[in-house]
Structures are given as C-alpha cells and as structure tokens.
Amino acid sequence: MTPSLPAPRRRSFLTLTGVGAAAFAVGTGHSDAAENAGGAVPSDPFTLGVASGDPRPDGFVLWTRLAPRPLDPDGHGGMPRRPCTVRYEVAEDAAFTKVVRRGQALATPELAHSVHPEVTGLRPGREYFYRFRAGTEVSPAGRTRTAPDPRSRPASLRLATASCAAWYHAHFTAFEHLAKEDLDLVVFLGDYVYEYGITSKNMLRGGVPLPGPEHAVETVTLEQWRLRYSLFKTDPNLQAAHAAAPWIVTSDDHEVQNNHADAWSETGIPPSDFLRRRAVAYRAFYENLPVRRAVLPHGPDITLYNRLRWGRLAQIDMLDNRQYRDGFPAGVVEDDSPERHDPRRSILGARQERWLYDGLSRSDAVWNLMGTGVVMAEIDRDTGPGHLYSNDMWDGFPANRDRLWAALKRHRVANPVALSGDIHHHVAAELKSDWKDPGSPAIGTELVCTSIGSDGDGADTDKYADLWLGNPHVKFYNGRRGYVSCTLTPSELTSEFKTVPYVSRPGAPVTTAARFVTEAGRPGLNREV
Amino acid sequence: MEPVARRRALGLAAAAAPALAAAPAAFGAAPAEAAAGGAPRPARRLRTAAEIGRIRLTWEGEAYAPLVDHYAIHASRTRGFTPGPGNLIAKTVYASFSHSGMGGRRQDWHYRLVTVDAAGNRSRPSAETAGHSAESVTASGRPLATVGAFDHKSLELALAPAGYAQYKTRFAGGVDYTHGESDPSADWSYIQPGPADAWNDRKATRATFRFPLDAVPAGETWLAIWLIDTHASNPGSVVLALNGAPVREVELENGATRGSLEGDATVPGSALVPSYVELRLPASALKTGENVLTIDKRTGSWHAYDALGVFAR
C-alpha cells in the first residue's frame with residue numbers, strides 16, 4: 001500500500017486543475033460543487049486496480065472503479081447507491097514528492113462508481129505516476145506517460161499488443177510478463193471479456209474455484225456485464241498490466257456477442273432487443289476501461305475509433321470493426337460467395353472509412369499503425385484447390401480492403417502496419433498488393449497477436465497451422481498464449497512474438513518465439529529469431 | 001443506416017443525448033439518468049402469447065433514458081401476487097421473454113415486471129397480466145407412434161448427447177426408423193445435420209420414420225416434433241413428406257448451438273433453446289398399413305431432437 005494521500009487543500013485544487021469550482025463533473029475529474037459527496041467509503045474500494053489511457057502530449061485519462069465487494073451479484077461492487085468523491089493526484093516521481101496535478105471526480109452508481117478523470121496541462125513525452133483516494137482509502141499507484149510533442153521525432157516507441165483475455169481459460173501469465181516490460185503503451189485489440197457462461201465445461205484456469213451460478217449464464221443484463229468485468233479485473237496480473245503503462249483499446253465481438261455485426265445477432269435476437277443488449281454491454285465497457293468521456297455510449301452507440309500520435313514517429317488509428325460492419329454476405333461465416341465481393345460492403349462503415357483515409361492522408365509519421373480487432377490479410381482457409389474465407393474478418397469485406405489499399409497508395413502512406421488479434425494464434429504476415437500473386441510487392445505488414453488466455457495452454461503448432469501457413473504471405477504461426485512486443489524507431493520496427501508454455505497453472509516463463517525486423521521503407525518481415 | 005434513423009426504424013426511443021447538449025461541456029460525462037434521478041417507470045403494455053411449451057411475453061419500456069439494467073420478471077400461478085425474490089423467474093434487458101419449459105399441458109401464469117436502471121433504482125411493479133401456454137397434441141392427443149419421450153431431453157436417442165461426429169459413419173445413409181422394431185437409443189440419431197455442417201461433409205440429410213396404422217384415424221392426425229435445440233444462426237428448415245406427398249417446409253427457430261453437445265434442457269441455467277413443430281397431417285396422405293414420414297434437411301445447419309410422434313386428436 002502506498003503512503004497516505006495528504007488531504008489536499010481547496011486552494012491547491014483550484015490552482016492545480018485550473019478550473020472553477022462550478023465546473024466539476026460527474027466521473028470526469030473536473031470540479032464539482034459537492035467536494036465531499038457520499039460520506040464514508042467502505043474499506044478496500046480499489047479491488048479492481050487503477051489504469052490510465054489515451055496518452056496525449058499534454059495528458060491522459062485516469063481510471064478506477066470503487067468496488068469493495070467486486071463480485072456482489074448486483075454488479076455494484078458493494079458500493080452504496082450514492083455518489084462518492086474520488087480524489088487523484090499525478091506526480092513526476094514514484095514517491096509522489098513532485099505532485100503536479102490534483103483533482104477529484106464524482107463516482108456515481110449510474111456508472112458503477114467508476115471515474116475517468118482527464119488530466120491536462122502536463123509536459124509531453126514524460127513519465128508520470130498517479131493514485132486515487134476515496135475517503136481514507138488510497139489506491140495502488142500507477143505509472144503512465146504523456147505522448148511526445150507532435151512535432152518531435154522520438155527515438156523510439158515501445159508498445160505491446162494484446163487481445164482475447166478469457167479469464168476462465170487461463171491464468172493471465174502473459175499479462176504478468178507484459179507488465180514487466182518497460183512499455184510506453186499497451187494496445188488492446190478486443191475481447192477484453194467474454195459473454196459466455198462460465199461453467200465446469202469451459203473452466204480451464206486451474207486451481208481456482210468455479211465462480212458462482214450468477215457467472216454461469218451468458219451476459220445479457222448490465223449487472224451481468226458489470227459482474228463479468230469485475231471477475232476478470234480482479235486478476236492481479238491484468239491490474240499490473242494496466243498500472244504499468246497507458247492503454248489504448250478497441251473492442252471486438254465478445255464485448256457484446258460472438259460474431260455480431262452492428263445490430264445483427266447470430267442467435268437471432270431481434271435488432272430492437274439486441275441494441276438494448278449492446279447498450280448495456282458498451283456501458284459496462286466504458287465503466288471498466290481507461291477511456292475518455294467522449295467514449296461514453298449514447299444508448300447503443302459508442303465512438304471507439306480513435307487516433308493517437310507518437311510525435312512524428314508513429315500514428316496509431318484504432319478501428320472499430322464491429323459496430324458499423326455489414327452482415328455476413330450470404331448469411332454464413334465462411335464461404336466464397338459472390339455476395340462477399342459486393343463493392344458496397346464495408347467493415348468500418350462509410351463515416352469511419354472517410355475518417356481513416358483522411359487521417360492517413362495527413363499523416364507525416366514514419367509508421368502508420370492500424371489497430372483492428374480482426375485479421376486484415378487475405379487468408380484462404382481451404383488447404384486444397386478450393387477457396388474459403390472467413391467473413392468475420394476483413395476477408396468478408398474485400399471491397400473495403402481494396403479501398404484502404406487504394407488510399408494507402410494514393411496518399412503514399414509510409415510504412416502501414418496492421419495490428420490485430422481475435423484468432424488466438426500468433427501470425428506474422430505481409431500485406432500484399434495482389435493476393436493472387438505471391439510475387440507481388442508487400443505494401444505493409446500485419447502483426448497478429450495471440451490470445452492472452454483464450455483457448456488454454458495451446459501448442460506451438462496445431463491443426464490450424466497448415467491453414468495459415470498455406471498462405472504464402474504468412475511468415476509465422478504459433479498457437480501458444482502470449483502477446484506481441486514491439487520497438488519502433490525511425491529506421492525499423494522490431495516485433496517479438498512472446499509466448500508462455502502453459503496458462504492452466506500460474507508461473508510460466510516467457511519466451512520469444514520469433515523476432516522480426518521490418519525496415520522503414522521496405523514493407524515485410526525479416527526474421528531474426 | 002445512421003444510428004438515430006436505425007433506432008427510429010426499430011421503434012426505440014432516442015438514446016440519451018449527451019448531457020453536454022444542455023449543460024456546459026465540463027458536465028459532459030454525466031449520463032442523463034444521473035441528472036434525472038428517481039425511480040424508473042414501470043414497463044407498459046405487458047402482453048402474453050400462448051405457444052406450445054411456453055408463454056411469450058412482450059412489453060414496452062424505456063431502453064436508454066434512463067439506461068435499463070434489466071427487467072426483473074416475476075411470475076406466479078396465483079392472481080394478485082406481490083413481486084418478491086421468491087417469484088423472480090428471470091432478468092433480461094430485452095423487451096421480450098419466453099417463459100419456457102412448461103411441457104405439453106396448458107399452464108396458466110400471472111406476470112409483473114420491475115424495471116431496474118443503471119443506478120440500481122427500481123420501478124414500482126408493472127400492472128399484472130395473465131397468460132397461458134398452448135396445449136400440445138402430445139398432451140391432448142392419443143399417441144399412434146412415437147420416438148423418444150417429450151421431456152426436453154435428447155438423452156434416450158442414439159449418439160446423444162454429444163456424439164455428432166459419429167453421425168457420418170453410423171448414419172451414412174440417413175436415419176431409417178421403423179416404429180415397433182427400431183430402438184431409439186440405436187436407430188434414431190439425436191442430431192440431424194444439414195448442408196451447412198462441415199462435420200458431415202456438408203450433405204443434405206433425410207430421416208425416415210415408418211409407422212403402421214391399422215386404419216386411418218377418423219379424426220385429425222397430428223405430427224409433433226420437439227427439438228431440444230437448433231443451430232443459433234443457421235437452423236435451416238425441414239421438408240416434410242408423407243408417403244411421398246409433400247406436407248410442408250417448416251423454417252426452424254434459432255436455437256443456441258448447444259444441443260449438439262448437451263442433452264438436457266431441464267438443467268437449471270441450461271443454455272439450450274427448445275422449439276416445437278406441431279402440425280396436422282393431411283388425411284388424404286395417410287393409409288392403412290405402413291406409412292412413411294420423411295424429414296429432409298436441405299438448408300442450414302443441424303437440429304437436435306427431443307422426441308417425435310404421430311397423434312390422433
């Protein structure tokens with residue numbers, strides 16, 4: 001436990017936040033008339049940890065959620081049904097001797113007592129530390145950082161990509177190792193939680209009691225979603241990964257339902273009902289992740305796509321490939337139907353496509369990263385003479401991919417790199433200008449991270465290896481759990497595919513299963529390990 | 001379709017506008033319900049519809065302003081009941097619910113809903129509404145020939161509950177079952193695959209049910225097919241024929257894609273979604289002696305049987 005947070009004086013608050021007393025807002029960290037709302041706070045309210053996200057040159061968003069009894073079935077975490085003031089402070093040092101910002105936010109039951117204070121006015125390209133206080137309780141400290149000055153050319157960016165963290169399938173050993181890396185940024189690519197009921201049939205996390213019956217059903221209601229996030233976020237390794245670096249996040253399908261497309265549900269839930277489910281699922285997503293208030297859902301709609309710049313070294317476009325996508329072309333997940341090639345089909349939706357192409361056209365970054373939940377490269381899944389594609393991935397939207405390729409060429413976008421997840425295997429692939437011609441030049445690179453936990457222990461190779469490696473532009477495949485660790489410099493991107501040999505019990509060591517270098521100006525993958 | 005237009009098309013109230021539309025930007029993260037406070041309004045226009053084995057409830061209620069955490073559905077066999085933990089049968093965020101697992105006999109129920117919002121506020125209970133399930137021919141009719149028990153379980157059938165992978169070898173030519181001679185546990189597969197199923201080489205399949213009649217019944221003759229589950233997104237249809245004469249093509253309901261692995265829908269919390277097909281067979285197609293009912297699966301994925309039978313009514 002960190003030392004007690006000294007009670008800030010009112011004058012220091014106003015000085016440090018730079019806003020008037022009337023401008024404090026619910027859950028945001030801005031000032032509010034009720035500085036000490038809520039009375040006593042139950043003991044040990046920081047059971048879900050702390051987090052930061054969306055680093056900008058002058059600040060970031062902080063996050064915590066008060067939950068003294070995180071697994072209370074009603075999803076409210078054991079908090080009383082009244083607002084509660086949460087204070088935070090940001091320091092330049094881990095000992096909090098140089099506090100540069102203090103503020104407060106109002107944690108309300110409407111948002112499951114989560115707070116998302118946005119801190120501004122900080123120096124660019126710098127490490128910071130933060131912590132919260134509610135009543136007399138002080139949170140663990142987190143480490144974060146601001147993005148570099150947008151005009152600067154940073155020497156490096158250290159980031160890790162991760163996805164698919166099925167708590168019930170694994171110990172989060174991969175997060176444990178990720179947290180120990182000296183990262184500037186964590187890029188989470190979807191499936192932070194899963195909707196499935198947790199029963200003895202899918203409980204692969206060894207040595208852990210099966211959660212109660214309230215966890216054994218598919219998540220539909222808000223209280224169930226809140227409880228699901230609470231269960232996953234009680235994991236200390238996930239908390240450590242959040243506390244170690246700022247995150248940027250997008251969702252894939254399991255934050256709502258497997259394979260969903262906009263308001264379409266594979267289980268036949270009518271769209272009018274499915275949107276209600278999406279609304280509560282997105283509300284819980286917002287409540288449990290370090291995202292800004294602009295992400296707060298409006299009914300069933302959430303604005304997740306987001307652009308981050310790391311000086312002139314990297315631009316990262318986080319994409320939402322679920323909320324605006326067209327449905328399965330012929331009603332099935334895998335096929336090679338003519339409908340798949342309908343030029344009107346989009347995985348991003350028209351508005352997000354325009355936003356992406358416009359942002360790419362303006363980019364002066366050395367590296368242009370696109371975070372997308374599902375695989376972007378074409379993958380023919382028929383290992384014989386036929387052709388079969390997953391319409392759940394970008395393969396279901398070849399016209400959208402062609403438009404993106406055209407935009408990359410039209411705007412001479414430097415060094416495109418797709419960061420994706422979803423498939424529970426590590427894959428490294430070249431993005432080809434012509435998928436039918438293995439000799440055609442690569443226009444970019446794709447780094448697909450395996451799951452943090454989904455599908456249990458896995459193996460280096462498995463029954464899917466031939467399928468993936470049968471596509472000549474796929475250069476690497478591994479079926480273990482892990483993450484991808486990247487170092488970007490002005491001249492090269494080094495990607496290390498990290499794996500752990502088991503996750504059914506804790507304590508596995510981490511291994512670099514493969515290391516690739518992608519040279520700036522030369523798309524593709526040069527294997528070193 | 002843009003979000004607002006889509007919501008209107010679906011008949012949903014507009015989503016809570018961002019609070020910053022009516023307040024200074026600094027207050028922008030406050031959901032509308034935070035400012036509104038108080039208890040949510042109860043659900044309105046609660047209606048019931050009778051179906052075999054279940055009662056389908058629908059209602060109207062706010063979705064987003066305030067954001068509804070869930071509707072707590074309370075049910076009782078007694079009129080004028082008070083909602084409480086003892087009669088809470090389900091929670092859902094949807095504006096509909098299927099109270100299922102009632103079996104073939106008609107059941108009468110009374111319902112009231114409590115709306116719970118994101119802050120945990122609870123509405124007063126809705127007005128009470130009565131409903132009943134429809135009587136199945138399996139309860140009202142006289143069985144002439146059946147396979148399996150109509151009990152929301154597939155367990156007594158061949159390959160159940162999870163042996164679907166053996167269908168390809170055990171039932172390569174499809175199921176061919178003769179009432180009075182065949183054994184359900186060996187000769188009637190719990191699962192019938194469709195052309196969407198790679199595990200059966202994407203083939204269309206047929207199940208044949210042969211049953212004798214001493215005489216064509218004077219009254220109505222009904223077919224009952226109870227399923228414990230179907231594929232969630234692609235259940236397909238079944239084409240029914242009797243003695244070579246087409247009867248009907250029936251679109252199957254979406255299930256949960258669990259009946260290929262689990263065989264007991266009566267287990268508390270079971271994810272299985274039972275469904276029911278009951279229809280009158282044309283008397284002109286029946287004959288004295290052996291009758292042959294065929295069930296062809298030419299579209300979609302598998303369905304999993306609970307039981308099948310022919311009844312006089």
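Residue numbers start from 1 in every chain, and the chains themselves are labelled A, B, ... in the order their sequence lines are given, proteins ahead of strands.
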Counting only heavy atoms closer than 4.5 Å, note whether [X] contacts chain B via side chain, backbone, both or neither.
X	value
A/R292	neither
A/V332	side chain
A/R81	side chain

Which region of B/A95, side chain (C-beta onward) or backbone (N, CA, C, O), has a non-hydrogen atom less than 4.5 Å from a non-hydrogen atom of chain A, or is it both or neither?
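B/A95 touches chain A through backbone and side-chain heavy atoms alike.
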Part of B/V273 within contact of chain A (heavy atom distance under 4.5 Å)
neither
Can you measure from [atom1] ([X]) to [atom2] ([Y]) and round to the nearest 0.5 angstrom?
X	Y	atom1	atom2	result
A/E110	B/D69	CD	CG	12.0 Å
A/E223	B/K91	CD	NZ	3.5 Å
B/T257	A/E266	OG1	CD	6.0 Å

Looking at every heavy atom in both B/A118 and A/R226, which two are closest together, and how far apart are they?
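Smallest heavy-atom distance, with atoms named: O-NH1, 2.8 Å.
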Apply side-chain hydrogen bond (donor to acceptor under 3.5 Å, both in side chains) to the pair B/Y64 and A/R283, showing each step before the final yes or no.
CA-CA 11 Å; B/Y64 311 130; A/R283 170 65 75 92; over 6 Å; no
Name the option with the most non-hydrogen atom pairs under 4.5 Å to chain A; the candidates are B/P235, B/S96, B/A271.
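Greatest number of close heavy-atom pairs with chain A: B/S96.
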Are side-chain heavy atoms of [X] and [Y] found at a separation under 4.5 Å?
X	Y	result
B/E262	A/K201	yes
B/V93	A/L222	no
A/V220	B/Y94	yes

Which one of A/D335, A/T221, A/I269 has the most heavy-atom pairs closer than 4.5 Å to chain B?
A/T221
Between A/H76, A/H113, A/E334, which shows the greatest number of heavy-atom pairs under 4.5 Å with chain B?
A/H76
Flag if over 12 foreign heavy atoms under 6.0 Å of CZ, B/R44:
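Enclosed: over 12 neighbouring heavy atoms sit under 6.0 Å from CZ of B/R44.
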